[in-house]
Amino acid sequence: GDPGNGGNGTLFSRESKLGLSGDFGTVSLGQQLSPYILAHAVTQAGTAGHFWVNRIIMGGGLNAAAVGPGATFQRGGFFIPNSVQYTTPSIAGWTASIMTTTKNGARDGTMPATTVDADKYTAYNVSGSLAGANLSAGYQSRSSTYSSWVVGGTYGMGDLTIGANISSHKDQGADAVGTYLISANYALGNGTALVGGVARNDRSPEHTLTNIGIRHDLSKRTFVYLTHNRGTNGAISSLSERGRYATTGADNQNTVVGVAHSF
C-alpha cells in the first residue's frame, strides 16, 4: 500500500473487517477506519483531493497520528489494525462509536517479542443532527504517544453547504497544536460542485492551508476532481510530500487531478 494513503505503507493498508449488525448496533473486527478520523471527514463540506488529510497533518501528529508505521504492530495511520469497534443504533438521530485495539507483540528489531499494551489505540465518535446542522465530535489516543480531539459540523443552505471544525493534537512531551477549518461546497447542478476550504493552526509561525477545486459525480460512489492546494511556512500542499513538512519554511502549492470511488 502507498504510504500516501494514510495507512502504514504495507501491502494492504485500507479497511479489512468483519462485523455483525442488529437492533443492538454494530460490532466489527479487523483493520478499520478510526472513528476520530471519520469525525474529521464528515465535518468538512466536500473538499476534494488531499486537502483535509493534509490539514490533519498540519494540525500535528506528523510522526504518529497521520504518518507511516511505528515501532509496533498496532501503528496504522488512519486505518487501525487489530481493532474492535462498536457503534450504537441511532438514538433520537444520534450515534456513538468506540474503538480499541487488542494486545499485540512489540518489535524487537524485525521480530515480535513480548505481548504488550504499550501501543494501545482508543478512539471515540459521537454524531447527530441539531437544528438542521450535522454535528460530530471525535477523540483518539495512543498509549505514551499522542492524543487528539475534534469538534465540528456542516450546515446546508440550498445549493450551498458550509463546514467548520476545530481540533487539537498533542504528541507526548510536546505542546498541543490547535487548528481550525472553514470549508464550503456549492452545487452547480448535474452532479458538479465548486469546493474550497481554508485551515490555520496555532504554531509559531502559524501554517495556513487553502484549497479550491471542482468535483463532478460520475455516480453515487464515484467522482472526479480538480483541486489546487497552497501551504504556507513549510506546511505541505501535497500529501505525497508529507515527509518534507517543516515547522518553518517556504510556501508551496500544487494542482491535483483525481478520481475517488467508495466501495
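Please read these numbers as outputs of a predicted model, since none were measured by experiment.
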Apply side chain to side chain contact (heavy atoms under 4.5 Å, CB included) to residues Val257 and Leu226 and explain how you reach the verdict.
CA-CA 5 Å; Val257 177; Leu226 168 67; 3.4 Å; yes
Hey, mind stepping through Arg230 and Thr210 against side chain to side chain donor-acceptor pair (under 3.5 Å) and telling me if it holds?
CA-CA 5 Å; Arg230 181 175 183 269; Thr210 55; 5.4 Å; no
Step-by-step side chain to side chain donor-acceptor pair (under 3.5 Å) determination, Asn252 to Ser237:
CA-CA 6 Å; Asn252 64 92; Ser237 59; 2.6 Å; yes
Show your working on side chain to side chain contact (heavy atoms under 4.5 Å, CB included) between Val53 and Phe78 and close with a plain yes or no.
CA-CA 10 Å; Val53 180; Phe78 294 174; 3.6 Å; yes
Worked check of side chain to side chain contact (heavy atoms under 4.5 Å, CB included) between Ser34 and Tyr121:
CA-CA 10 Å; Ser34 164; Tyr121 180 87; 2.6 Å; yes
Test side chain to side chain contact (heavy atoms under 4.5 Å, CB included) on Gln44 and Phe51; report intermediate values, then the result.
CA-CA 10 Å; Gln44 302 197 37; Phe51 174 80; 4.0 Å; yes
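Not a single donor-acceptor pair under 3.5 Å links the side chain of Thr43 to the backbone N or O of Ser136. A donor-acceptor contact shorter than 3.5 Å is absent between the side chain of Asp171 and the backbone of Tyr146. In terms of modelled atom types and a separation under 3.5 Å, the side chain of Ser97 and the main chain of Asn125 share no donor-acceptor contact. For Asn165 (side chain) and Tyr180 (main-chain N/O), no donor-acceptor pair under 3.5 Å exists by modelled atom type. Proximity of a side-chain donor or acceptor of Ser148 to a complementary backbone N or O of Gln140 within less than 3.5 Å is not detected. The backbone N or O of Asn211 sits nowhere less than 3.5 Å from a side-chain atom of Asn229 that would complete a donor-acceptor pair. Without hydrogens or angle criteria, Asn201 side chain to Thr179 main chain gives no donor-acceptor distance under 3.5 Å. Judged purely by atom type and a 3.5 angstrom limit, His228 has no side-chain atom pairing as donor or acceptor with the backbone of Ile212. In terms of modelled atom types and a separation under 3.5 Å, the side chain of Lys120 and the main chain of Thr101 share a donor-acceptor contact.
Considering only heavy atoms from C-beta on, Val126 comes within 4.5 Å of Trp94 through its side chain. In this structure, the side chains of Trp52 and Ile37 come closer than 4.5 Å at one or more pairs of heavy atoms. In this structure, the side chains of Ile162 and Met157 come closer than 4.5 Å at one or more pairs of heavy atoms. The shortest side-chain heavy-atom distance between Leu194 and Asn185 does not fall under the 4.5 Å cut-off. Side chains of Ser83 and Gln31 form no contact here, defined as non-hydrogen atoms less than 4.5 Å apart. Looking only at side-chain heavy atoms (C-beta outward), Pro205 and Thr248 come within less than 4.5 Å of each other. Inter-residue side-chain proximity for Val198 and Arg55 is flagged as unmet; no heavy-atom pair is nearer than 4.5 Å. Counting heavy atoms from C-beta on, the side chains of Val259 and Thr222 come closer than 4.5 Å.
Closest approach of Leu181 to Ala199, counting heavy atoms only: CD1-CB, 4.0 Å. Of all heavy-atom pairs spanning Ala39 and Val150, the tightest one is CB-CG1, 3.8 Å.
Side-chain rings of Phe223 and His216 stay apart, their centers remaining 6.0 Å or farther from each other.
Here CD1 of Ile56 is found 11.5 Å from CG of Leu209. Values are rounded to the nearest 0.5 Å.
Asn134 and Ser129 share a donor-acceptor pair across their side chains, judged by distance under 3.5 Å alone.
For the pair Lys170 and Asp175, the salt-bridge criterion is not met [side-chain N within less than 4.0 Å of a carboxylate O].
In this structure, Tyr36 and His40 have perpendicular ring planes: the angle between them is above 60°, well past the 30° mark.
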